[in-house]
Trainee: 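Have a look at the structure that comes next, please.
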Amino acid sequence: MKKKRTIKQIIEYYVMSAAISLGVLLTVVMIISSFISTDKILLDNLQLMAKTSSQNVGANLHLLTDRMANLALEPALTQDGSSSEAKQKVLDERETRIEFVWLAGYDLSGKKLYGDEKSPDSIADKKYYSYLDQTGNIVIAEPYYEDNIWQICVALPMKKDGENHSYLVGSYKYDLLNDVLSNINIGVTGDSYIINEEGTIIADKDLESMQKHENIYELYDYGKNKEVFDNMINFQTGSESMRLHRVNHYVAYAPVPGTNWTLIIDAPRREFQRTLFLSVFICIILAVLLLLIARYVIVKMADSISDSLSLATGRLSSLSEGNLKDDVVLAQTNEEAQILTGALAKTIASMDGYINDIESSLGYLSEGDYSKEVPDSFHGDFAAIREALISISESLNDTMRRINHSSLAVNENSSEVSGYAKRLYDGSIEQGAALERLIDSIQRITEQIEHITENAELVKQCADSAQDKVDQGQEQMNIMLKTMHDIYENMQEIIKISQLIEEISSQTSLLALNASIEAARAGESGRGFAVVAQQIGVLSDQTANALKQTGNIIEQANISIEKGLETADATADSFREIYEAAEKFTGISSSMAVVAGQQKEAVAMVTEETDKVLEIANINQQLARETDETAALSLKQAKDLGEVVAAVKLKGGTLE
């Protein structure tokens with residue numbers, strides 16, 4: 001059986017469930033919001049950093065172009081008639097002040113006019129030469145690796161009368177640009193590099209990576225990366241979360257002013273999220289600690305509530321077991337528990353009062369005092385109890401009145417039964433005495449009948465001897481007479497058979513006629529049956545004729561037999577008269593013996609029946625005595641019941 005939880009456990013369960021759910025929800029929301037806000041802040045900061053860094057790169061490049069522009073203003077380089085040696089001297093002098101790798105001047109076709117030995121003889125095959133020719137403005141070339149040095153070329157046209165007449169090209173060490181990229185530190189493994197308008201990486205703080213000339217479209221060919229790279233080479237500024245090398249990165253980009261380049265800064269997302277994960281972990285630890293503290297507070301509160309309610313629940317438990325005497329301990333919490341215990345105390349006091357009233361009313365009823373009124377102290381739904389007690393009292397009053405009337409009637413009936421039983425007992429005694437006298441008279445009659453029976457036996461023996469002689473003659477005459485009668489009876493049977501055959505013939509004729517009529521009704525289908533019916537009618541007629549002839553013969557024979565029978569009867573009459581006289585004598589003697597026997601049997605039967613009547617009279621006498629005793633006991637009980645009922649006090653006075 002599942003154990004029921006206490007209210008303390010319920011409060012702890014639901015409050016802690018709500019607190020844990022709320023803590024988990026807030027923690028999840030905080031984590032999600034932290035990740036979102038971190039992404040937003042870092043992307044915004046990276047975008048600002050990329051923009052600032054690109055401006056720094058542009059400023060450094062602008063410094064290079066300023067130096068080249070200042071150099072291009074040297075009179076030795078711009079005046080007509082200046083020798084190549086003079087121009088070379090100017091270039092050498094600048095190389096000593098500024099870290100140039102080389103300086104040289106070229107004609108419009110790209111051939112070198114003057115310059116360092118390290119400078120190329122022609123720049124016509126260089127990419128920046130085409131930009132010079134197309135734009136007629138300063139051009140910064142992409143970094144390149146030559147003579148074991150990474151270099152950056154800056155070229156500008158030398159003008160005369162507003163027209164380009166030659167190009168001045170200077171090569172700087174890449175360190176100037178690399179210092180800017182190296183100073184962009186984002187995380188531990190963060191990177192910064194510059195791409196050209198084709199997406200090829202042309203500058204990186206990792207010089208080994210620069211030699212690969214990798215293209216970001218090919219290097220990071222994932223999903224939406226192409227769209228972001230398109231924004232980069234279109235000289236837009238922005239920041240995105242991207243997957244680079246199958247790792248999530250924060251990427252920010254900004255165009256480098258004065259170039260076709262874009263500066264890109266990226267850093268693995270996980271490096272920034274380590275701190276975030278640590279802070280999240282700390283938040284979770286704090287949330288758990290807060291939950292533990294909350295649980296402690298909740299347990300204390302639950303204990304307070306449970307202790308307050310336990311006062312009521314404990315009292316309710318004892319109340320359910322019938323305890324109405326103990327006082328209710330009131331909760332002093334100024335909360336619902338105090339109200340509950342106060343209401344419980346009032347309820348128990350009311351119930352105790354009701355039960356006392358009920359006990360008092362039932363006590364009066366148990367003592368036989370039905371005249372007391374039920375107290376009018378029941379209120380609300382308890383008023384039904386008072387109505388029930390009133391109904392019980394009235395019902396008992398009515399019942400006791402009926403019992404009183406019934407006891408009076410039983411008393412009267414018991415008196416009458418007792419009188420009847422007494423008379424029955426006396427009559428049974430007289431009946432027994434009369435039967436005993438009757439038995440004595442029957443015994444005397446039986447003795448006289450035995451003498452008569454002996455005399456009748458002697459007469460019967462004489463009559464039997466005479467009867468034997470007559471019987472012999474009578475037997476012979478009877479044999480002859482029986483023979484004649486048998487002949488006569490046989491003749492009568494023949495006549496009956498003849499008459500029966502005649503009736504059968506008549507019925508057959510009638511049946512044949514009916515069959516002919518039905519066959520005629522049947523038409524063609526009954527024609528065969530009509531022939532049969534006709535033949536049966538013919539046969540019936542023939543049988544009737546034969547019977548008619550036979551009847552005549554039988555009638556003549558019957559007449560002769562009747563004459564012989566009359567003669568035999570006359571002879572038999574004489575023997576019959578003798579036989580009758582003997583038979584009468586024998587019959588008288590037999591009758592006397594039979595009558596004597598019957599009288600003896602009748603007397604014996606009367607004696608037996610008298611014995612039974614005497615036995616029944618004795619039983620009736622016993623039953624009458626027991627009935628008299630029972631009636632006396634019933635009369636006593638009726639008197640006792642009357643005394644009990646008379647002791648009951650009813651509304652409107654005692655019973656009469």
Side-chain angles (χ1 to χ4, degrees), residues 9-54 181 183-193 195 199 216-217 219-255 262-302:
Q9 293 173 333
I10 293 172
I11 292 173
E12 291 178 0
Y13 173 77
Y14 285 107
V15 175
M16 285 303 299
S17 297
I20 292 172
S21 301
L22 184 60
V24 171
L25 178 62
L26 291 176
T27 304
V28 171
V29 170
M30 182 190 67
I31 292 172
I32 294 174
S33 61
S34 298
F35 278 105
I36 294 174
S37 61
T38 300
D39 289 347
K40 179 66 175 173
I41 293 171
L42 286 174
L43 289 174
D44 291 343
N45 290 334
L46 281 178
Q47 181 178 342
L48 181 60
M49 182 179 290
K51 190 174 182 180
T52 303
S53 299
S54 66
L181 296 177
N183 289 328
I184 303 174
N185 296 318
I186 304 298
V188 179
T189 60
D191 197 6
S192 58
Y193 45 90
I195 62 172
I216 57 175
Y217 283 97
L219 188 61
Y220 309 120
D221 186 17
Y222 305 122
K224 70 174 185 176
N225 289 355
K226 181 178 181 304
E227 181 181 350
V228 178
F229 294 151
D230 290 341
N231 294 335
M232 292 179 182
I233 64 176
N234 289 328
F235 310 109
Q236 296 183 16
T237 301
S239 58
E240 297 287 345
S241 179
M242 303 174 62
R243 284 186 68 81
L244 306 178
H245 302 296
R246 302 187 183 279
V247 178
N248 290 330
H249 280 242
Y250 294 120
V251 177
Y253 52 91
T262 299
L263 174 65
I264 300 175
I265 299 174
D266 75 73
R269 190 177 181 183
R270 61 193 173 193
E271 292 186 5
F272 297 94
Q273 290 180 343
R274 287 174 185 170
T275 304
L276 181 60
F277 283 130
L278 179 60
S279 64
V280 168
F281 178 74
I282 293 173
C283 290
I284 293 174
I285 296 299
L286 291 175
V288 172
L289 291 176
L290 290 174
L291 285 174
L292 292 176
I293 295 171
R295 186 182 185 282
Y296 175 76
V297 175
I298 290 167
V299 168
K300 297 295 288 183
M301 293 176 61

Trainee: Under the criterion side chain to side chain contact (heavy atoms under 4.5 Å, CB included), I'd like the reasoning laid out for I216 against L244: C-alpha separation, chi angles, the key distance, then a yes or no.
Mentor: CA-CA 10 Å; I216 57 175; L244 306 178; over 6 Å; no

Trainee: Taking side-chain contact (heavy atoms from CB on, under 4.5 Å) as the criterion, tell me which of K224, H249, M232 meets it with E240.
Mentor: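 Among K224, H249, M232, the one that satisfies the side-chain contact (heavy atoms from CB on, under 4.5 Å) with E240 is K224.
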
Trainee: For T52, what residues pass the side-chain contact (heavy atoms from CB on, under 4.5 Å) criterion, not counting sequence neighbours?
Mentor: L48, N56

Trainee: What residues, two or more places apart in sequence or in another chain, satisfy ring-ring contact (aromatic ring centres under 6.0 Å, His included) together with Y193?
Mentor: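 Not a single residue meets the ring-ring contact (aromatic ring centres under 6.0 Å, His included) criterion with Y193.
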
Trainee: So, taking the atom named OH in Y250 and the one named CE in M49, what distance separates them when rounded to the nearest 0.5 Å?
Mentor: 14.0 Å

Trainee: Nearest heavy-atom pair of A50 and I265: which atoms, and what distance?
Mentor: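 Closest pair (atom of A50, atom of I265, distance): CA-CD1, 3.5 Å.
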
Trainee: With sequence neighbours excluded, what pairs up with S239 under the side-chain contact (heavy atoms from CB on, under 4.5 Å) test?
Mentor: L43, Q47, A252

Trainee: Sequence neighbours left out, what passes side-chain contact (heavy atoms from CB on, under 4.5 Å) with P255? Give chain and number order.
Mentor: F235, T237

Trainee: Name every donor-acceptor pair, under 3.5 Å, that has one atom in a side chain of residues 18-30 and the other anywhere in the protein, sequence neighbours excluded.
Mentor:
residue	atom	partner	partner atom	Å
S21	OG	S17	O	2.7
T27	OG1	G23	O	2.6

Trainee: How long is the straight-line distance from CG of D266 back to OG of S241, given to the nearest 0.5 Å?
Mentor: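 Here the rounded value is 11.5 Å.
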
Trainee: Atom CD1 of I184 and atom OG of S53: how far apart are they, to the nearest 0.5 Å?
Mentor: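 Going from the CD1 atom of I184 to the OG atom of S53 covers 3.5 Å.
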
Trainee: Hey, what do you get for CZ (F281) to CG (L286), rounding to the nearest 0.5 Å?
Mentor: 10.0 Å

Trainee: Checking I264 against V251 for the side chain to side chain contact (heavy atoms under 4.5 Å, CB included) test, could you report, in this order, the C-alpha distance in whole Å, the side-chain angles of both residues, the deciding distance, and whether it holds?
Mentor: CA-CA 7 Å; I264 300 175; V251 177; 3.8 Å; yes

Trainee: Write out all pairs satisfying salt bridge (Lys or Arg N to Asp or Glu O under 4.0 Å) with one or both partners inside residues 15-40, taking only residues at least two apart or from two chains.
Mentor: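 As it turns out, the salt bridge (Lys or Arg N to Asp or Glu O under 4.0 Å) pairs with a partner in residues 15-40, which skip direct neighbours, are D39-R269, K40-D44.
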
Trainee: Closest heavy-atom contact between I233 and G199?
Mentor: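 That would be CG2-N, 4.1 Å.
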
Trainee: For R270, which residues count as a side chain to side chain donor-acceptor pair (under 3.5 Å) partner, sequence neighbours excluded?
Mentor: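 Not a single residue meets the side chain to side chain donor-acceptor pair (under 3.5 Å) criterion with R270.
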
Trainee: Who are the side-chain contact (heavy atoms from CB on, under 4.5 Å) partners of K226, not counting sequence neighbours?
Mentor: Y217, D230

Trainee: Is the backbone of I195 close enough, under 3.5 Å, to the side chain of T262 for a donor and an acceptor to pair up by distance?
Mentor: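 Not a single qualifying donor-acceptor pair exists.
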
